[in-house]
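Numbers restart at 1 for each chain; the letters A, B, ... are given by sequence-line order, proteins then strands.
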2 protein chains.
Amino acid sequence: MKVTDRKTEIILTAAKLFRKKGYNAVSMRDLASELGIKAASLYNHIKSKQEILSEIVLQVAERFTTHIDEIYPQEVSSIKKLEAIIQNHIEITIQQTDFLACLNNDWMHLAEENLQDYLKMRNDYEEKFRKILLDGMVKNELENRNPEIVIFSILTTLRTLYLWYSKKSSIEVEVLKKDLPKTLLNGLIQN
Amino acid sequence: MKVTDRKTEIILTAAKLFRKKGYNAVSMRDLASELGIKAASLYNHIKSKQEILSEIVLQVAERFTTHIDEIYPQEVSSIKKLEAIIQNHIEITIQQTDFLACLNNDWMHLAEENLQDYLKMRNDYEEKFRKILLDGMVKNELENRNPEIVIFSILTTLRTLYLWYSKKSSIEVEVLKKDLPKTLLNGLIQN
DNA sequence: AAACAAAACTAACGATTGTTAGTTTAAATT
DNA sequence: AATTTAAACTAACAATCGTTAGTTTTGTTT
């Protein structure tokens, strides 16, 4: 019984390289070389370069989907839900930094069916997020403001968290978990 | 005297394609075909594919640099400065959507010297932004919160504004100009 | 009409791409 | 020890890449 099988190892290494140089800039020979083998040997473990990308992107996308499906129907305030979503983004960012970067940068290089699966998950996620936010505004838990702008601002920050996290890892994760929800939800200007 | 010379036309078309598919996924033949000519003909106007990328990225980067260099030393509140910076991002987003997308997605494909120029401009920009923010916190114009998290959150939203803008152009630009600063600076939760 | 410049063309180059076929080595199972 | 399986290898393929050289077409200026 292997702790990590070769396919997983290939995908993890691919994610690291894709993140650094982008999907199209990483050749199968680059990837093989990083693993200390020849390019042809990769095909004993994976079907194609495209399969590697789809495993990376869809795995993370499913994790987001699963979480929001769990949070969405709960009987708590919209603020609590938003906080839970933010925490989840932070955790995925920490645990799957490279995968998340691939999802952000290279999803458009997914082939037809994989691309459609991804886009569906992404739309469903945004739709649930939107409903939570609108619900909070209706119940006066959140300020009434253009919801699309708020959605965009929060989701964009969460999606690109990995850019910042890998640069400033000196700051404690706990500080991030405490201060990011404040920044995103409570605002900035003194009052 | 030409209204738009051929080189400019090539660069504009390239930016459009780079944005959609990424720098590495767009071949010189793709670009030529989009312009109705053959790939070799492009080289009557440009030196290399790399030159196209650097013209796109560095042109936008210089525009940001110029603006913050103008705002930075002014004798106004830090809030006013931040508002001006946000307005500038919105304007560049509207006027140079494709260029901005290229800067965000493909800057890492710049070759050595171009890459260094870009990174220097980017660092200088962030440094000035940071100083404006810290100054505002010292003067109690802004809430005291982890500045790196705030910087990240605001800059990330501004940088990726183009993603949202091109999707939701139905919303008036004026709404964006009014609501985005509020969202980024005033926060969300009712009080 | 002749001369010139600009901008397109055809053809081809060497390098690199993802991938396949067939073979050999190493490890696990009988 | 013999057999089977897993995972590496070499070699090569057709396609595509950015780019160059040399030529022809087009449009403008003398």
[N] [atom2] sits how many Å from [X] [atom1], rounded?
X         : N       : atom1 : atom2 : result
Glu9(A)   : dA7(D)  : CD    : C1'   : 12 Å
Lys47(A)  : dT19(C) : NZ    : C1'   : 14 Å
Met28(A)  : dT16(C) : CE    : P     : 18 Å
Asp30(A)  : dA15(C) : CG    : C1'   : 14 Å
Leu31(B)  : dT16(D) : CG    : P     : 18 Å
Asn24(A)  : dT16(D) : CG    : P     : 14 Å
Leu35(A)  : dC9(D)  : CG    : C1'   : 15 Å
His109(A) : dG18(C) : NE2   : P     : 13 Å

Using the side-chain heavy atoms of [X], tell me which of these nucleotides is nearest: [options].
X        : options                   : value
Ala40(A) : dT20(C), dT17(C), dA7(C)  : dT20(C)
Ala39(B) : dT19(D), dA11(D), dA8(D)  : dT19(D)
Arg6(B)  : dT17(C), dA8(C), dA8(D)   : dA8(C)
His45(B) : dT20(C), dT19(D), dA7(C)  : dA7(C)
Ser48(A) : dT19(C), dT19(D), dT20(D) : dT19(C)
Arg29(A) : dC9(D), dA8(C), dG18(C)   : dG18(C)
Lys49(B) : dG18(D), dA7(D), dG18(C)  : dG18(D)
Lys38(B) : dT19(D), dA21(C), dT10(C) : dT10(C)
Ile37(A) : dA8(D), dA8(C), dA21(C)   : dA8(D)

Euclidean distance, [Y] [atom2] relative to [X] [atom1], rounded to 0.5 Å:
X         : Y         : atom1 : atom2 : answer
Arg29(B)  : Ile37(B)  : CZ    : CD1   : 13.0 Å
Leu142(B) : Leu133(B) : CG    : CG    : 5.5 Å
Glu55(B)  : Ile46(B)  : CD    : CD1   : 9.5 Å

Exercise. Record whether the side chain of Asn44(B) comes under 3.5 Å of the base of dA6(C) through a donor-acceptor pair of N or O atoms.
Key: no
Quiz item: With no hydrogens and no angle check, do the side chains of Thr156(A) and Thr157(B) hold a donor and an acceptor under 3.5 Å apart?
Solution: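 On atom types as modelled, these side chains do not qualify, holding no pair under 3.5 Å.
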Self-check item: side chain to side chain contact (heavy atoms under 4.5 Å, CB included) between Lys81(B) and Ile68(B), worked out
Solution: CA-CA 9 Å; Lys81(B) 290 182 185 178; Ile68(B) 205 164; over 6 Å; no
Exercise. Return one dot-bracket line describing DNA chain D 5' to 3' (Watson-Crick or G-U wobble pairs, both distances under 3.5 Å; ( ) same strand, [ ] crossing, | another strand, . none).
Key: ||||||||||||||||||||||||||||||
Exercise. Measure from NZ or CZ of Lys49(B) to the centre of the six-membered ring of Tyr23(B), then state whether that distance is under 6.0 Å and the direction lies within 45° of the axis.
Key: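 The answer is yes, since Lys49(B) meets both limits relative to Tyr23(B).
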Quiz prompt | Stepwise side chain to side chain donor-acceptor pair (under 3.5 Å) check, Ser33(B) with Asp30(B) | solution = CA-CA 5 Å; Ser33(B) 153; Asp30(B) 291 338; over 6 Å; no
Practice problem: Determine the contact category for Ser27(A): base if any of its heavy atoms lies under 4.0 Å from a base atom, sugar-phosphate if only primed atoms, P, OP1 or OP2 are that close, otherwise nothing. | Solution: sugar-phosphate
Quiz item: Within the pair Ser41(A) and dC9(D), is there a side-chain N or O less than 4.0 Å away from OP1 or OP2?
Solution: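 Result: yes.
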Quiz item: Between Lys128(B) and Asp124(B), is there a side-chain N and carboxylate O pair less than 4.0 Å apart?
Solution: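 Here Lys128(B) does not pair with Asp124(B) in a salt bridge, since their nearest N and O are not under 4.0 Å apart.
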